[in-house]
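To find a chain, count down the sequence lines: A is the first, B the second, and so on, and within it residues start at 1.
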Amino acid sequence: MNQDDLSLLVQRHLSGEASDEDLEQLDRAIVANEDLRRELLLDAGMAMQLRRLLAMPAIPPETAPVRHHWRRPLRFLIACAALVVLGVGLLLLRLPAPTAATAPTTATIPAPPAVLTASAIGHFSRLAPGTVMERGGVRFNPPAECDLVAGDSLQLPVAGEAELVYRDEAAGSGGRLRLERGTLICRIAASPAAKPLTIATRQADAVSVDGAFRIEATEASTRVQVATGSVRLAAAGSASTSMIHAGEAAVLRDGGAAPIILPASIIAWWPLDEGSGEVATDRIGTHTGSILDASWDGSGLIRFDGDQARVRIPAIGRLADLEQGDFSVLCRFRPDAYSNGQIQPEPNRQLQFLAGRQGHAIGLHFTAAGRVLMQHFLADHVPVGATSDTRLTLGRWYHLVGVVDRTQGESRLYIDGIRCARKVWPVNTATPSYGDAPWFIGRQRDGGRTFQWGASGRIRDVMLAAAALDDATVRRLCPTP
Amino acid sequence: MASAHSEFLHHYTLVHPVLSAYVLGMTGRPAIAEELLQEIAVELWEKYPAYDRSRPFQPWALGMARIQVLRWRQAQGRQRRMLSMEALEQLTATASAEHGEMHERLRRLGSCLEGVQERGRRLLERHYAHGETAQAIADSEGRSRGAIEITLVRLRRALRACMERAGAEPA
């Protein structure tokens, strides 16, 4: 057997392509030939190094979003044309201009009653013009400053704000205000713990006995941001409550059974519930994602098809080097299929990529065995991962959290609020820089023939946090059914 | 005085190329080699307090790696044909005899790679970074599997020669 034949056997062996006969011949040669052993080891070292060196290519030019650039102006032009046609039509028909949408509410509202200071439990300030208050069955436009009386109902103009200082010095069991719409910045000035302030919205009851918070109510959702103290939040009509602490926020969607709690360290949140279109909005920052090659299902979620569907988010701002420090990746996942080879050929069947960064697959994965893996890399591109023992059931929603904790030197994985895997590694070990490799949801990369790792199922409420979330925090973040 | 952590990292960085080569040489499966290396790194760190600092680190690390490879072989049972135990032991001995030459050579791989022509680099990328088999590449390019394999062998030889040349040149 000449040198070329031996090199060919080494080549096949190191890429997993050797036949039984090849291995038999190579085996004999290895035992007999010291030079071949050295060559094999050097070639193996090169192969591993080449995998790393070549696995970080420049990001291929994006082709799909090019469509967006002309689609948006086109839609805009069509909309403008439609408006022009409508306007001309109205003029020709001499129809009266519509007034209902802009008519002030003051015309139908009686003059404000005397402020009931005797039973006031708080004080509003900076109430925007156009605010409507209801008290004792009477609706009126309050002045910019007035007192809060238990049982008041408030409707601020769209995007309108007001401030409320709550000070329950009177007898009674605490104050209750109904906020129909708008944003209230609340501060509890002095309140015995037994006298909480309850703010009821369409979706939620927010109860606080201390601190300061901001509550924003719309027809679609209620959002609470706690600055100091805490707020107990429950879906309207539900006995189940969640405690929101200082620095945290929570959102309750219309019809939602439990709030979605946003950790204090959150830097991005993609609910992925837009229901249509090609933009995945970040509700925290400005990390807007592109939804590519995906369709939407009947419930308004992206149909991750195990193939091309994905969300791509540029690694800019805080996403550029998030993995260099402590970080956490969170999402809700409902698997539709295991990657048992039915979806994609090897090596794509190894994993489904749920959320993380391209190139070295940092983040949450769903393995072929139906388990969850949180992976990241140490110096020299050494991968470390925490894998769950639990096999996920198809068709069921799970709350997944992967944590990289450099201070403790460990990776943690949580399913439904319970820590189910932990992997230790040298504390404070650095991670290689991944340049401008983008973040992905539902697939590991754009294009490519291998290692796409398309997820099969539904993924929603993907969050990135710039901190290693601890057990107690993750438990609270997990939505209770 | 260096902490145990930085001391460990120093040792580990130096032996990582040999460990990588050893584990891939044993398993012949790059993805499995990556997975085993992860296990080995964690185990080395966990056992590091027991490491006798008066002895060289590399044989100790290779010993750990060997155990992991053996465990993997055991778990595979008869599912897959593998190199014999004899070949494994011979390779272990050869790897243990490495004294940093591999580390030095592989450090030059990145700059040598820059000298590879675009076509060759694309082939290396497909095979090593994207994990495409020689057969798959051959099918997509309308060439024979053997031709692709020979090209890969030649590219590796050229890179090896470059790494050796670069090492021989005065700094």
Side-chain angles (χ1 to χ4, degrees), chain A residues 4 7-8 10-20 23-24 26-32 34 37-57 346-347 350 375 378-385 409 423-430 448-451, chain B residues 5 8-9 12-13 16-18 20-25 28-31 33-35 37-38 41-42 45-46 81-84 86-87 90-91 93-95 98 102 105-106 109-110 113 121 124-136 140 146 149-150 152-153 156-157 159-160 163:
Chain A
D4 280 351
S7 296
L8 207 58
V10 169
Q11 161 67 33
R12 287 179 181 165
H13 172 58
L14 295 180
S15 53
E17 296 176 70
S19 65
D20 285 0
L23 271 177
E24 210 168 299
L26 182 64
D27 204 286
R28 281 200 298 270
I30 285 173
V31 172
E34 170 73 20
R37 291 199 290 273
R38 275 200 290 268
E39 178 186 328
L40 185 143
L41 284 173
L42 183 57
D43 279 3
M46 284 172 64
M48 295 296 275
Q49 188 91 329
L50 284 169
R51 274 168 68 85
R52 297 181 186 113
L53 288 171
L54 296 166
M56 303 181 73
E346 200 169 11
Q350 296 165 18
Q375 179 172 268
L378 304 181
D380 269 327
H381 305 284
V382 178
V384 284
K423 179 69 90 178
V424 295
W425 33 272
V427 294
N428 293 322
T429 308
R449 295 164 67 101
T450 52
F451 301 109
Chain B
H5 165 240
F8 171 79
L9 273 187
Y12 186 75
T13 305
H16 184 254
V18 177
S20 300
Y22 175 72
V23 177
L24 178 59
R29 297 270 170 160
E34 297 278 12
E35 202 174 304
L37 277 167
Q38 174 186 324
V42 171
W45 171 246
E46 284 174 349
R81 180 166 169 77
M82 291 175 277
L83 292 176
S84 66
E86 194 181 352
Q90 295 277 8
L91 280 169
T94 305
E98 275 288 332
M102 186 182 289
R105 284 186 193 177
L106 290 176
L109 182 58
L113 198 57
R121 191 183 168 97
L124 291 172
E125 268 177 18
R126 291 184 66 174
H127 186 61
Y128 290 107
H130 301 165
E132 290 186 64
T133 62
Q135 186 65 62
S140 72
E149 287 176 331
I150 286 294
L152 285 168
V153 165
R156 268 211 327 269
R157 275 187 192 157
L159 285 169
R160 232 166 34 209
M163 293 190 299

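Residues B/Phe8 and A/Pro426 share a closest heavy-atom pair of CE2-CG, 3.9 Å. Here the shortest heavy-atom pairing between B/Gly25 and A/Leu14 reads CA-CD2, 4.1 Å. B/Ala21 and A/Gly45 make their closest contact through CB-N, 3.4 Å (heavy atoms, listed as atom of the first residue, atom of the second, distance). Taking each heavy atom of A/Arg51 and B/Tyr128 in turn, the nearest pair found is CG-O, 3.1 Å. The minimum heavy-atom distance linking A/Val384 with B/Gln38 is given by the pair CA-CD, 3.5 Å.
Heavy-atom pairs under 4.5 Å with chain A peak, among B/Leu37, B/Val23, B/Leu113, at B/Leu113. Note on B/Pro30, B/Ala134, B/Pro17: by heavy-atom pairs under 4.5 Å with chain A, the leading option is B/Pro30. Considering only heavy-atom pairs separated by less than 4.5 Å from chain A, the leading option among B/Leu83, B/Leu152, B/Leu159, B/Thr13 is B/Leu83.
For chain A, the nearby parts of B/Ala95 are the backbone and the side chain; heavy atoms of each come within less than 4.5 Å. Proximity to chain A involves both the backbone and the side chain of B/Arg160, based on heavy atoms less than 4.5 angstrom apart. A/Val424 touches chain B through backbone and side chain together, each having a heavy atom under 4.5 Å away. For A/Leu40, the part lying under 4.5 angstrom from a heavy atom of chain B is the side chain only. For chain A, no part of B/Ala93 is nearby; none of its heavy atoms comes within less than 4.5 Å. Using a 4.5 Å cut-off between heavy atoms, B/Ile150 contacts chain A through both its backbone and its side chain. Within the 4.5 angstrom heavy-atom criterion, atoms from both the backbone and the side chain of A/Thr429 approach chain B. Only the side chain of B/Glu46 has a heavy atom closer than 4.5 Å to any heavy atom of chain A. For B/Leu9, the part sitting under 4.5 Å from any heavy atom of chain A is the side chain, from C-beta outward, and nothing else.
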*Give the C-alpha distance, both sets of side-chain angles, the deciding distance and a yes or no for salt bridge (Lys or Arg N to Asp or Glu O under 4.0 Å) between A/Glu39 and B/Arg156.*
CA-CA 11 Å; A/Glu39 178 186 328; B/Arg156 268 211 327 269; 5.4 Å; no
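The ring pair (Phe, Tyr, Trp, His ring centres under 6.0 Å) test applied to B/His127 returns no partner, not counting sequence neighbours.
The main-chain N or O of A/Arg37 is never found under 3.5 Å from a side-chain atom of B/Gln90 such that the two would form a donor-acceptor pair.
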